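Notes to accompany the following structure.
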Amino acid sequence: MTITLPDGARRELPAGATGADLAAAVGRRLAESAVAVLVDGAPVDLTGPLADGATVAVVTADSEPGRRILRHSTAHVMAQAVTQLWPGARYAIGPPIEDGFYYDFELPGGAHFSDEDLGRIEERMREIVAADQPFVREDHTVAEGLELFADQPYKREIIEGVDAGEGAAEGAVSAYRNTADFVDLCRGPHVPSTSRLGHFKLLKVAAAYWRGDEQRPQLQRIYGTAWESEAALGEHLHRLEEAERRDHRRLGSELDLFHFPPEIGSGLPVFHPKGGLVRKLMEDYSRAEHEAAGYEFVYTPHITKAALLEISGHLGWYAEGMYPPMELEGSAYYPKPMNCPMHILVYKARQRSYRELPLRLFEFGTVYRFERSGVLNGLLRARGFTQDDSHIFCSSDQLEGELASLLAFVLRLLRTFGLADFEAELSTRPEKYVGDPEEWEVATAALRSALEAARIPFVVAEGEGAFYAPKIDVHVRDAIGRRWQVSTLQVDLQMPQRFDMEYVGADNGRHRPYMVHRALFGSIERFFAILIEHYAGALPTWLAPEQVRVLPVTSDHHAYADRVADRLRADGLRVGVASADETLGSRVRRAKLEKVPYVLVAGDEDVDAGTVGVNTRGVQRVRRGVAVSELSEAVRAEVAGRLATTGA
RNA sequence: GCCCGAGUAGCUCAGCGGUAGAGCAGGCGCCUUGUAAGCGUCAGGUCGUCGGUUCGAACCCGACCUCGGGCUCCA
């Protein structure tokens, strides 16, 4: 028979040949790294027979689809290990996920896994791998499947779902058997045998609700990771360590930036002087840029009577995410969860003319949201935070241009903060929506054209918009490749109506303005955390709380060091001096740990020559005898340019 | 909210039924240092909170508080 390869080449194989045979025919190395084949695009086991005339691609372990298969097979091995160690355990689902896999179990007697159990399970898994058990596919009818998994209620539920489901293979189910005792319901494909696995590690235990539903039983989940080689596994584990090293909560206390006092409450941070300084620098820069871009600054209160949130609709669909109200003089006052209703009231303070549009209102508005305790996560997910929030009101013919310049503005500021690797998402009208479909179309088209003008990669998330607005979400990748959602642009099709907003047009008629919500940092706290993690605490010089530290070699050089520091301060730099009570090495070390960009050392030679020794963050070589004026100029240039890396 | 784990000096952690420990940080003294930890000394704790078991609790049990991980990724 004839098989076509993805590059168009044809191979003649004997009838009944399998994917494994094909891989072997192409080459030995391919055969070794093959985990499955794609037959006309559909993933199939290596052991399955191929059909004449098919187009077949070999999936290798070092590709993302290949790793998914490895991970999926490893999950089965884990399930087998668990069922051996806990006889009577029920196993639910065990899919591959990004960078790994998990499997959910229900242990007999409601037992729970502990961290120590992971080692035992891993050990048993290694035995299973060493035993080189085959993955043998079995096809069953639904009735047979229900019989096979008679004592596995979760599997039975899945099978029943398949039967009712969207035409899934005419009510057939498949299972993969490793041993006489262990078989798992599975769509496949899988690696041919367990010896193809082995580069894995179990990472953590967690609880998860069956099918993610709080109303259903809570299962015990084990997360693990698996890779095609020991080296790839090692790299992944190293990435995890790196992420931990960059954790903003850890750096936040090491660098004395902020903390969460329990006395205040969960998710409510306080910024220390150094963190406050960084935040002020971010805000100052943002304010200046907004001013230059034609925004007007407004200030609104932190609490509001219920009436406002009834008009905006927040009380209707957002109440459980809000702090409960205080009763005062017969009214209920809520801490605000959003700034937009108040900005609308600024708009509505008087009649508006088309000549005033676009009206761009900006505020660092602090909002409070009652996040569930379990989802709080440092500054990334807090209960009180400050949005750099703006609302733009414009006419329909201004919408497209406004969105395009808005997006360009957003991207420019993000780039200044050193985040330049963008991916955007355009979320379109969901199934449940409010408003006029034609308006949705206009708004969505305007967002799309803004994205196209900005020339950044974007994907369309069909039906993912909020029910009142299509939107653009901007994601950035940080220094270690993690993706963060930051800015959002939404065209609100709901609020202008709810608040009956209008302006008087050139035609002397009344018109409804468009309203655009836009948060650039999202929340300042969250963006602060992303920067800390992106830079691993080593903020660029323009954002560093202390930009320069001067170290006199001995106390004899103190006066000179102070003179240098004063000179640099007069030049507008933030400078500290570390007195000579400790050894120079110890002070250098301290300055390095505190991530000060420039460490200057001043000794005898320098006093005579008006110079300093310059130890620059991230630069191996120390430069001796640098004139203070030269150093100052270089650092100032770096700060003025808001460069992301130290240089001088 | 629910499950698992953790709360001992400012920080990181040891101790896990029998009188509270170390390193770092901090105070003081000595040292006067040329690029990532000089030496000594002192101080610092109701062992998260409340209750229980026990002759005796940091340790065992319960409740609460706080923190960390997880609760969409369909067999």
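Source: prediction; values computed, not measured. Numbered from 1 within each chain, the chains take letters A, B, ... in sequence-line order.
Checking the phosphate oxygens (OP1, OP2) of B:rC73, a side-chain nitrogen or oxygen of A:Y102 falls inside 4.0 Å. Here A:S266 reaches the OP1 or OP2 of B:rU66: one of its side-chain N or O atoms lies under 4.0 Å away. The phosphate of B:rG69 (OP1 or OP2) has no side-chain N or O of A:K204 nearer than 4.0 angstrom. Using a 4.0 Å cut-off, no side-chain N or O of A:S586 falls inside it from OP1 or OP2 of B:rA36. Taking side-chain N and O atoms only, A:Y223 has no distance below 4.0 Å to OP1 or OP2 of B:rC73. Look at A:N377 and you won't find any side-chain N or O under 4.0 angstrom from OP1 or OP2 of B:rC67. Listed pair A:T583 / B:rG38 meets the phosphate criterion, a side-chain N or O lying under 4.0 Å from OP1 or OP2.
The separation of B:rC31 from B:rC67, taken at their C1' atoms, amounts to 42 Å, rounded to a whole angstrom. For B:rC47 and B:rC60, the P atoms lie 15 Å apart once the distance is rounded to whole Å. Atom P of B:rC13 sits at a distance of 9 Å from the matching atom of B:rU8, rounded to the whole Å. Separating the P atom of B:rG48 from that of B:rA20 is a span of 14 Å, rounded to the nearest Å. Separating the P atom of B:rG27 from that of B:rA43 is a span of 16 Å, rounded to the nearest Å. The C1' atoms of B:rG7 and B:rA14 are separated by 15 Å, rounded to the nearest whole Å. Separation of the C1' atoms belonging to B:rC42 and B:rU35 is 31 Å when rounded to the nearest angstrom. B:rA6 sits 37 Å from B:rC39 when the C1' atoms are compared, rounded to a whole Å.
In this structure, A:I93 places its CD1 atom 10 Å from P of B:rU72, rounding to the nearest Å. In this structure, A:L376 atom CG and B:rG69 atom P are separated by 11 Å, rounded to whole Å. The distance from atom CG of A:N615 to atom C1' of B:rA36 is 9 Å, rounded to the nearest whole Å. The interatomic distance linking A:L584 (CG) with B:rC31 (C1') rounds to 14 Å, in whole Å. One atom, CD of A:E582, and another, P of B:rC30, lie 16 Å apart when rounded to the nearest Å. Distance A:Y560 OH to B:rG34 C1': 14 Å, rounded to the nearest Å.
Neither side chain, A:E423 nor A:H475, offers a donor N or O lying under 3.5 Å from an acceptor on the other. Looking only at atom types and distance, the side chain of A:Q547 has no donor-acceptor partner in the side chain of A:T541 under 3.5 Å away. For A:R221 and A:Y223, the side-chain atoms include at least one donor-acceptor pair closer than 3.5 Å. Looking at A:Y176 and A:R137, their side chains do bring a donor and an acceptor atom within 3.5 Å of each other.
For A:E254, the CD atom is densely surrounded, since the number of other residues' heavy atoms within 6.0 Å is greater than 12.
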Completion exercise
A correct 5'-to-3' footprint of nucleotides 1-12 of chain B, with B, S and - meaning base, sugar-phosphate only and no protein heavy atom under 4.0 Å, is BBBS--------

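A:G625 comes within contact range of no nucleotide atom at all, as no heavy-atom separation falls under 4.0 Å. Across all strands shown, A:G267 has heavy atoms under 4.0 Å from sugar-phosphate atoms exclusively, and none from any base. Among the heavy atoms of the strands lying under 4.0 Å from A:R187 is at least one base atom, whether or not backbone atoms are also near.
Mapping A:G613 and A:R249 onto RNA chain B by nearest heavy atom places A:G613 closer to the 5' end of the strand.
The partner of B:rG38 is B:rC30, by the rule that a Watson-Crick or G-U pair needs both atom distances under 3.5 Å. Across every strand in view, B:rG5 sits in a pair with B:rC67 that passes the Watson-Crick or G-U test at under 3.5 angstrom.
In this structure A:R624 satisfies the salt bridge (charged side-chain N to carboxylate O under 4.0 Å, His left out) test together with A:E605, sequence neighbours excluded.
Residue A:D604 has its side chain nearest to B:rG34 when only B:rG34, B:rA25, B:rC74 are considered. Between B:rU35, B:rU32, B:rG69, one nucleotide has an atom nearer to the side chain of A:V601 than all others, and that is B:rU35.
In this structure, the ring of A:F101 has its center no less than 6.0 angstrom from the ring center of A:F200.
Cation-pi geometry between A:R120 and A:W86 is met: under 6.0 angstrom from the ring centre, within 45 degrees of the axis. A cation-pi geometry, defined here as NZ or CZ lying under 6.0 Å from the six-membered ring centre and within 45° of its normal, does not hold between A:R563 and A:Y560.
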